[in-house]
Amino acid sequence: MRVEHGHGHGHHHQVDFDPTATAPDHHDATPHAGRAYRIGIGGPVGSGKTALTAALCRALGDELELAVVTNDIYTTEDADFLRKAGVLAPERIEAVQTGACPHTAIRDDITANLDAVERLEEKFPGLDLVIIESGGDNLTAVFSRGLADSQIFVVDVAGGDKVPRKGGPGVTTADLLVINKTDIAHLVGADMTVMTSDAHRMRGDLPVIAQSLVDTPDAPAVAAWVRSLLPTRTR
Amino acid sequence: MDLAALIIADSRFPGGGHVHSGGIEEAVVRKLVVSERDLPAFLLSRLRTAGALAATFAAAAAHATTREVRSGHWRRLDAEFDARTPSQAQRAASRAQGRGTARAGRVAWPSPALSDLLGECPRPHHPIVLGVLVGVPHDAAMAAAYLAVSGPASAAVRLLGLDPFQVNAVVARLAEPMREVCAHAADVAGHDPATLPAPSSPGLDLFAEAHAAQHEEEVRLFAS
């Protein structure tokens, strides 16, 4: 049975729920062939998480088997951004819906994200690294250790130079804090000295990287930090 | 009620349920549900169709853990649920939540019945995993029926900014029909899987298909 069916804004979608016309359900066993290292990238809306993800794909794509899970509510936009940037094959990008709760999906109930990671691992056996990009959230968002092996928290100078001082689990406990968009600090009145010294004060020995993807599009400092985490490969 | 049933029915249970709206996101997009006043009808019809089906299969799976079942029983039960779920999108949503519930269940409540189920059906439907984990037919039916309405109710709060006290009261007022649904599910729990009831809601089937089709071009916050 086929049903043509519109919903009042000028276009139609073909709906098909004839069970004999659909593909079989994909419910075979998951093969376990070792798993990829998983890095979570979190941070407030607009701080540059997707741009950093794209930069890491550019920097590491030639040396690592890489895939990305994106949680942004505008999932197709983020996926499109990465596709248009030409940094990663589209089939290596999985989008996840978070039910309007981005922090729940990376922290309290990581099921949808784990499913996406496992789908990528099934499609691409031998993946070295999966980057899980959170939807934009607040300063309390952190990744569960059951989902991400390491996590990067991204803030930007336009969000205000007091953000690192405010703390919160994202700023204080992430394995790496990235302060983005340093090239526009002087335009938004952000004092980089204050920002980085506050960040170091809040984080103790944990690392902080201040960067501009305009000045260094391949995020070399963050890419080097990622390389340092991965087990030595024998390829 | 058994603690396992309470834990699984808790919205904090990490089984992946919070990303599913039970069709209410599509109903909200179409302006069929716009306020607290529209919720009782949506939730009651969902309870009597998708909810009753889930309760029936949860109770049947729980019953099967209390008796000797032949090899292949879990696969048959899973296939019968498939046969009663014409929408591919709803089958996918059910299997996604079944997989998530099994992932959490393997850690919290490992059992020979769970191993047998996952041996025959690596990604079983949600109500079947739920039934095996709870193991008591009526409790399993209650958890499944409650989740069938609590999921969309909480999604409606998130999507429309509804008054949570009003929405909670709407769910509480479903107690009597929920008892009826679960009593019936428990009554037939020991029947041959092929003869179990097959309540259905073509409207929800269509919503689920439309929701899945539109993921590609418009923002959808929920997976189903």
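Each chain gets a letter, A, B and so on, in the order its sequence line appears, and its residues count up from 1.
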#### Entry: Whether Arg220(B) side chain and Gln97(A) backbone form a donor-acceptor pair below 3.5 Å
no
### Task
Give a yes or no answer on whether the side chain of Thr111(A) reaches the backbone of Gln97(B) with a donor-acceptor pair at less than 3.5 Å.
no
### Message
Between Asp115(A) and chain B, with a heavy-atom cut-off of 4.5 Å, which part of the residue counts as in contact: side chain, backbone, both or neither?
### Response
both
### Query
chain B heavy atoms under 4.5 Å from Leu114(A): which part of the residue, side chain, backbone, both or neither?
both
Over 12 non-hydrogen atoms of neighbours within 6.0 angstrom of [atom1] in [X]:
X: Lys162(A); atom1: NZ; result: no
X: Asp62(A); atom1: CG; result: no
X: Phe13(B); atom1: CZ; result: yes

### Query
Quick one: are Asp109(A) and Arg12(B) in side-chain contact, heavy atoms under 4.5 Å?
no
### Task
Taking all non-hydrogen atoms of both residues into account, name the closest pair between Thr98(A) and Arg158(B) and its distance.
O-NH1, 4.3 Å
